[in-house]
Amino acid sequence: QFQLVESGGGLVQPGESLRLSCAASGFILAEYAIGWFRQAPGKEREGVSCIGISDGSDTHDMLYYKDSVKGRFTISKNGGNNTAYLQMNSLKPEDTAVYYCAVLKIFNVHSMCIMRYEMDSWGKGTLVIVSP
């Protein structure tokens, strides 16, 4: 079985924080690039942050953040518990969306977040609402 499950979404006020989790089962998460994507009401899905396979190569983009979240969001992964995370600080109303995690065997994580690749797996999503 190959599965991703997101959690950690909720309703928060502007300026508050959330930590999203993406738990993987049925495969080794460390062998894949991982991306966080979001889709807001009435808008297209967009890449938020992607992190690559840590193989030490200088030919691959290993980290990507959408410009609007730089300095506020941090992507990470934990090989021990096979889980990826998105720490979201200083949340804004425009961050409101359903957040999804996905994995892909790719080293160029910039491309993973920007291009519309067919991912190897998607989670079902977790809803984040930022409202006064």
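Residues passing the salt bridge (charged side-chain N to carboxylate O under 4.0 Å, His left out) test with Glu44, sequence neighbours excluded: Arg116. For Ala40, the side chain to side chain contact (heavy atoms under 4.5 Å, CB included) partners are Lys43, Ala97, not counting sequence neighbours. Applying the side chain to side chain contact (heavy atoms under 4.5 Å, CB included) rule to Lys105 yields the partners Glu31, Tyr32, Asp120; only residues at least two apart in sequence or on another chain are considered. Under the rule for a side chain to side chain contact (heavy atoms under 4.5 Å, CB included), the partners of Ile129 that lie at least two apart in sequence or sit in another chain are Leu11, Thr96, Leu127, Ser131. Residues satisfying the side chain to side chain contact (heavy atoms under 4.5 Å, CB included) test with Arg19, not counting sequence neighbours, are Tyr85, Gln87. Every side chain to side chain donor-acceptor pair (under 3.5 Å) that Ser17 has, sequence neighbours left out, goes to Asn89.
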- request: In sequence, state the C-alpha distance, the side-chain angles, and the governing distance for Leu91 and Phe73, and then conclude on side chain to side chain contact (heavy atoms under 4.5 Å, CB included).
  value: CA-CA 9 Å; Leu91 283 162; Phe73 291 11; 3.9 Å; yes

- prompt: Hey, mind stepping through Val128 and Leu18 against side chain to side chain contact (heavy atoms under 4.5 Å, CB included) and telling me if it holds?
  reply: CA-CA 9 Å; Val128 172; Leu18 285 172; 3.8 Å; yes

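Without hydrogens or angle criteria, Asn78 side chain to Thr83 main chain gives no donor-acceptor distance under 3.5 Å. Checking side-chain atoms of Lys77 against main-chain N and O of Gly52 turns up a donor-acceptor pair under 3.5 Å.
Judged as a disulfide bond (SG atoms under 2.5 Å apart), the pairs with a partner in residues 93-132 (not counting sequence neighbours) are, in order, Cys22-Cys101, Cys50-Cys113. Pairs passing the ring pair (Phe, Tyr, Trp, His ring centres under 6.0 Å) check and including a residue from residues 111-132, sequence neighbours excluded, read Phe37-Trp122. Judged as a side chain to side chain donor-acceptor pair (under 3.5 Å), the pairs with a partner in residues 63-74 (not counting sequence neighbours) are, in order, Glu46-Lys66, Asp67-Lys70, Arg72-Asp95.
At a threshold of 4.5 Å between non-hydrogen side-chain atoms, the residues Leu29 and Val103 count as touching. By the 4.5 Å heavy-atom criterion applied to side chains, Phe27 and Leu4 are counted as neighbours. For the pair Thr126 and Ser7, the minimum side-chain heavy-atom distance is 4.5 Å or more.
The cluster map of Ile, Leu, Val, Met, Phe, Trp and Tyr, joined by side-chain heavy atoms under 4.5 Å apart, puts Phe2 and Ile34 in the same cluster. When hydrophobic clusters are built by joining Ile, Leu, Val, Met, Phe, Trp and Tyr residues whose side-chain heavy atoms come closer than 4.5 Å, directly or via intermediates, Val5 is not grouped with Met119. Connection of Met115 to Tyr100 is established within a shared hydrophobic cluster, with ILVMFWY side chains joined at heavy-atom distances below 4.5 Å, either directly or through further cluster members.
Here Asn82 contributes atom CG and Ser25 contributes atom OG; the two are 8.0 Å apart, rounded to the nearest 0.5 Å. If you take CE on Met62 and CD1 on Ile53, they are separated by 7.0 Å, rounding to the nearest 0.5 Å.
The side chain to side chain contact (heavy atoms under 4.5 Å, CB included) with Leu20 is formed by just one residue from the set Glu6, Met88, Arg38; it is Met88.
Ala33 and Val109 get closest at one heavy-atom pair: CB-CG1, 4.0 Å.
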